[in-house]
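This report refers to the structure that appears directly beneath it.
Only a predicted model underlies this, so the values are computations on that prediction, with no experimental measurement involved.
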Amino acid sequence: MDIGERFIEAALENRDADAAALVEMWPIELWYSLPPYQLGTLLARLSPEAHRLSPTVSLLSRALTPDDTTFRMPRRRGPLPANHHRRASIFEAARRRVAGDPVGAYELLAGLRENIAGASRSGVGPTDPALAFVLMQTAESALLAGRLREALSLFEELAAAPRSAGMEFFARRAHLRGALIHHLYGSTCAARSHLQQAQGVPRTASWVEKRLDGDQRLVEALIATEDSDEAFSELLDLTYSDLGELWPFAVIALHAWGSVTGRRDAARSRMEAMANAGFGRDGTGLIGSVLPLMLALDSVLNGDLPRARAEIHDVHEDHWIATVVRALIDIGSAAPGRARDSLGAAADATTGLVKADRQRHQVTALAHYLSGDTGSASATIALLPVSARRCSPYEISVLDTLAPGVLGVVADLVPELLPEGYPFDRAGVLEKPSLTRPELEVLTRLARGMKRPDIARELFRSINTVKTHQRSLYRKLGASSAAEAVALATESGYLWHPPQAAPVTP
């Protein structure tokens, strides 16, 4: 009989002392033997005496009630066991992460890593599941906090660690996470290697295997599918039950594949639906920031900087993905120096992540290029190792949209990057006039054929205010009439749908 069956029998027969002893001696094994809802239900059956006999009963109960802020640990007579405070930190971190606070979880666990041996119930052993549990929790929290470099290092350490019997899923989980990070921000070859190793890990009887099946489906959709349209469709088909905690990375991948396939509108629609459904609300790290960041990035690619600034306004997270999106907004807002400074300060965050480091150099080169300094742009790309200069389809799509000319700078160093006759002389969205939000509001209504008094009434503005925005709009576009402004704006990409009626000049 395994530990889970023994605990079920003791709890159902009201042998609370036996149940408490099992929890105190085998907490990690029990955690992974029974599904969370079942373990939580059985723990709730135990009497206060069981909590006093085993402080770990209270810790597990607390970890399995992430939204219950009223939970209180039962009072206990006498001193607590020596390892109790360490266990308390571990399970409290798990509770915080599941509740949407991976930043708080990582901060709690980072210090514990210095004294990881203390997490063991009976000394340090190379296959002790308590040690693997601490390492896995720290890595998961770092990943969802957006600390990708630290997370990758921790997952690779976990994947290489000796495996205890029945706990092989630690290695499978680590390989799948390593494959995900490498695919999005590291090495494609390493991503495929991690996926292959994950597929070869023996399955266990733990409930966690079903959750890892969903993780594996996501990774396989990203890595194993060569057809970009098929990969995008796979991502759209994934449900939250498929994705679990990895949903922020599915959002990142959704935007990337949407850009490559020309289906950013479908990706944006899904992201907006997720935001409206409350995904990430009040979360920290990537959980709380990935949706507004990807929506803001999409707005930058649409040339709508006012909307991008509004979407990113409440994002206060400090991780690589936030840095690169803010830098693009700064570049589009005529603040390339600030963008270069922030990207330079983020060098440590991209060290060891080939794609992330290349993206940092690309955006820095973009800032130089749009400042008119083509030489510095070329020198920035030249700092990359030769093997890292070739852009991915997603990077080409983004740079092509923002400023096609900067791809010419990259192609000078990698001649085979682009096809012969590539049109470098097109204007990207960051090379076009920057329209303000009020100007865009007037523009869209002009495209619908509305007259100035009607626009003023719909926008709750005075006619003179609308007239001021309209004049500014004409000046920036080089237009002399509403019809010409709409035509030029459509050509420049400010209007994505044909006007519903012929515009009339007021």
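Residues meeting the side chain to side chain donor-acceptor pair (under 3.5 Å) test with Glu209, sequence neighbours left out: Arg172, Thr204. Scored by the side-chain contact (heavy atoms from CB on, under 4.5 Å) test, Thr188 finds Arg192, Lys355 as partners (sequence neighbours excluded). In terms of the salt bridge (Lys or Arg N to Asp or Glu O under 4.0 Å) criterion, Arg281 has no residue partners (sequence neighbours excluded). Judged as a ring pair (Phe, Tyr, Trp, His ring centres under 6.0 Å), and not counting sequence neighbours, the contacts of Phe170 are Tyr32. Partners of Trp257 according to the ring pair (Phe, Tyr, Trp, His ring centres under 6.0 Å) rule, which considers only residues two or more places apart in sequence or in another chain, do not exist here. By the side-chain contact (heavy atoms from CB on, under 4.5 Å) test, Pro202 is found to be paired with Arg163, residues two or more places apart in sequence or in another chain being considered. Contacts of Glu168 classified as salt bridge (Lys or Arg N to Asp or Glu O under 4.0 Å), with partners at least two apart in sequence or in another chain: none.
In terms of heavy atoms, Gly283 sits closest to Ile287 at CA-CG2, 4.2 Å.
Partner Leu305 forms a side chain to side chain contact (heavy atoms under 4.5 Å, CB included) with one of Leu440, Leu328, Val300, Val429 and no other, that one being Val300. The side chain to side chain contact (heavy atoms under 4.5 Å, CB included) test with Asp357 is passed by exactly one of Leu383, Thr350, Thr351: Thr350.
Between Arg147 and Glu317 no salt bridge is recorded (no basic side-chain N to carboxylate O distance below 4.0 Å).
The salt bridge (Lys or Arg N to Asp or Glu O under 4.0 Å) pairs that include a residue from residues 246-259 number zero, where partners must be two or more places apart or lie in different chains. The salt bridge (Lys or Arg N to Asp or Glu O under 4.0 Å) analysis of residues 174-190, with sequence neighbours excluded, yields the pairs Glu140-Arg177, Arg177-Asp215. Within the structure, salt bridge (Lys or Arg N to Asp or Glu O under 4.0 Å) pairs that include any residue of residues 328-337 comprise Asp330-Arg338 (at least two apart or interchain). Counting only residues at least two apart or on different chains, no salt bridge (Lys or Arg N to Asp or Glu O under 4.0 Å) pair has a member in residues 340-351.
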Just distance, no hydrogens or angles: give the donor-acceptor pairs under 3.5 Å from side chains in residues 100-112, sequence neighbours left out.
residue : atom : partner : partner atom : Å
Asp101  : OD1  : Gly104  : N            : 3.0
Asp101  : OD1  : Thr284  : OG1          : 2.8

Run the numbers on Ser193 and Gln197 for side chain to side chain donor-acceptor pair (under 3.5 Å), then give the verdict. CA-CA 6 Å; Ser193 174; Gln197 291 179 77; 3.2 Å; yes
### Residue pair His182, Ser187: steps toward the side chain to side chain donor-acceptor pair (under 3.5 Å) verdict
CA-CA 5 Å; His182 270 298; Ser187 161; 5.0 Å; no
Next item on the list: Go through the steps for Ser289 and His319 under the test side chain to side chain donor-acceptor pair (under 3.5 Å), then give the verdict.
Entry: CA-CA 10 Å; Ser289 63; His319 50 65; 2.9 Å; yes
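Counting heavy atoms from C-beta on, the side chains of Ile321 and Val290 never come closer than 4.5 Å. Ile331 is not listed as a side-chain neighbour of Ser333, based on a closest heavy-atom distance of 4.5 Å or more. Counting only heavy atoms from C-beta outward, the side chains of Cys391 and Val410 approach each other to under 4.5 Å.
When only modelled atom types and interatomic distance are considered, Arg97 and Ser141 share no side-chain donor-acceptor pair under 3.5 Å.
Here the two rings, on Tyr185 and Phe249, have centers that are 6.0 Å apart or farther.
Here CG of Leu180 is found 11.0 Å from NE2 of His194. Values are rounded to the nearest 0.5 Å. Note that CD of Gln216 is 6.5 Å distant from CG of Asp213, once rounded to the nearest 0.5 Å.
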